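Just so it is clear, the model here is predicted, and its values are computed rather than measured.
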Amino acid sequence: MIKRLVLGVVALTLGLVFISPAAALEKGNPRKGKYTYRKVYSTCMARGAVESPKPTVNPDAKTRAQWDKVFANKDFAQFGCDQEWAALPAEDLNDIYSYLWEFAADSPTPAKCK
Amino acid sequence: MRTRQAFNFVAALGMLLVLMTGCSTTPPSAPVTQPAASEAGPFHAIVDVAFVQQHVQSPMPEGVMLIDSRPRRPKYDEGHIPMAISIPESKFEQMRDMLPADKSALLIFYCGGPACDLSHKSARKAEALGYTNVKVFSDGFPGWMKVPGNFAAVSTDWVKQQIDAKADMVLVDSRPKQGKYDQGHIPGAISISDSQFDKLTAQLPADKNKMLVFYCGGLACPLSSKSASKAIALGYTNVKVYPEGYPGWVAAVGAETVTAKAADAAPVAKPPANSIKAGKAEGTIDPAQFKKILAENPSQIMLIDVRDKNEYDKGTLKTAINIPVDDLEKKISALPADKPIVFVCGTGARSGESYYMVKDKRPELKEVYYLDGELTIHKDGTFVLKEPA
């Protein structure tokens, strides 16, 4: 009985720590995400908030786990262009997340935002 | 004793669980700007749907403005509260000139419902500009649509997209037939004038779930709204109004407007004979057909290599022209509408981006595709395509 209880707690601990953040995130369309990600910055440049239409954070700047964490926590401050990020609907965010995750530093094909 | 040790172990694991899950939800070290208390949370003046209904009229009364704070595309375009104007929160500063000059005018902001804070942010910005009668309809567009009898309004861009896509809808011109509809109407619209609505209901589809879009003579014209309400009363479940109506259509589309006489004589548009077989993923071309076209009839498509020039110079497909993805937006208006366009690159990433750019910037182009997969092009123009898993 006690052994089962111990095993249950261990499983719950591992589950919450390692599975929940990734499971909470939906994957979208990475191809569309690439376009949407770059469009954020071209829009942002058009209003004069940044100097270049190219995103400053490349997919290979983080590992997949790090991208999971960024999007699970909606921690978009590091991207700049906060107005554009705030206006992104959930579907667009999922697409961008999928693009960054697909080409993350520890993915089979790490990529710059080329 | 053994039991006590086990419970101590469980307690320790419990502590570990709390600490570890706490860590997993703690934001990373990147600085996060926390808004000041006055800049966060709900706006101080919230109104309900009854208040909005009291002020939403066609035409809108003077001194009242209803403002949709959501992104214009696609949210506002595909459905908004009738008579609302679009000032996305993200473009508030650029578009604030659209607000009335009278600072005592009633401004009602809304967005996507209780979880959406765009309207609250915009309302605070409006107050900062000196507007004294600012409200937020926090139930937003979903709250509006929950009320039986209410309908959504759509934009010119949306109506044009539906027509171009040959969407399954019935477009109804609510103006008088003689003198208005017969002089010119939106292509494909049928005439059911509001004054004759009850006599002409047989022209409406039998399927009560079919989309009906009513329009009339612009923002000052109430006929389309009246007809929409009558259609809902008849049991139609998917009813929309296009408030800009015929004047808005002519202003946006102009020459494509069809008169009744011209419509009668116009041939029915046929789908292009050289339609492309789509691949598995959205926007992709079927790889086998792509190879067949290149082998047998490459001039059937406009092939665009969107890699950088230095990559293109090392070898490309025989009929491909080079428009690097970074230059595509500048040249997008020159893309032809008379033959299918296929984008290629090395992996499908840049060609996919190009596809979505065209869908966004030139939605009227229907025959646009990209080649997905790893494409290795040799100097002599031969290639190897490794299809995606």
Option that, when pairs with chain A are counted at under 4.5 Å, heavy atom only, ranks first among B:Leu118, B:Asp372, B:Thr347: B:Asp372
Within 6.0 Å of NZ in B:Lys75, more than 12 heavy atoms from elsewhere: no
Residue B:Tyr370 versus chain A: region with a heavy atom under 4.5 Å: side chain
Contact origin within A:Lys39 toward chain B - heavy atom pairs under 4.5 Å: side chain
Segment of B:Pro88 engaging chain A (4.5 angstrom heavy-atom cut-off): neither
Aromatic ring proximity, centroids under 6.0 angstrom, B:Tyr369 and B:Phe290: no
Minimum heavy-atom distance B:Gly112-B:Pro142, with the two atoms named: O-CG, 3.4 Å
NZ (B:Lys125) with more than 12 external heavy atoms under 6.0 Å: yes
Structural part of A:Asp82 lying under 4.5 Å from a heavy atom of chain B: neither
B:Tyr356 and A:Tyr35 aromatic centres sub-6.0 Å: no
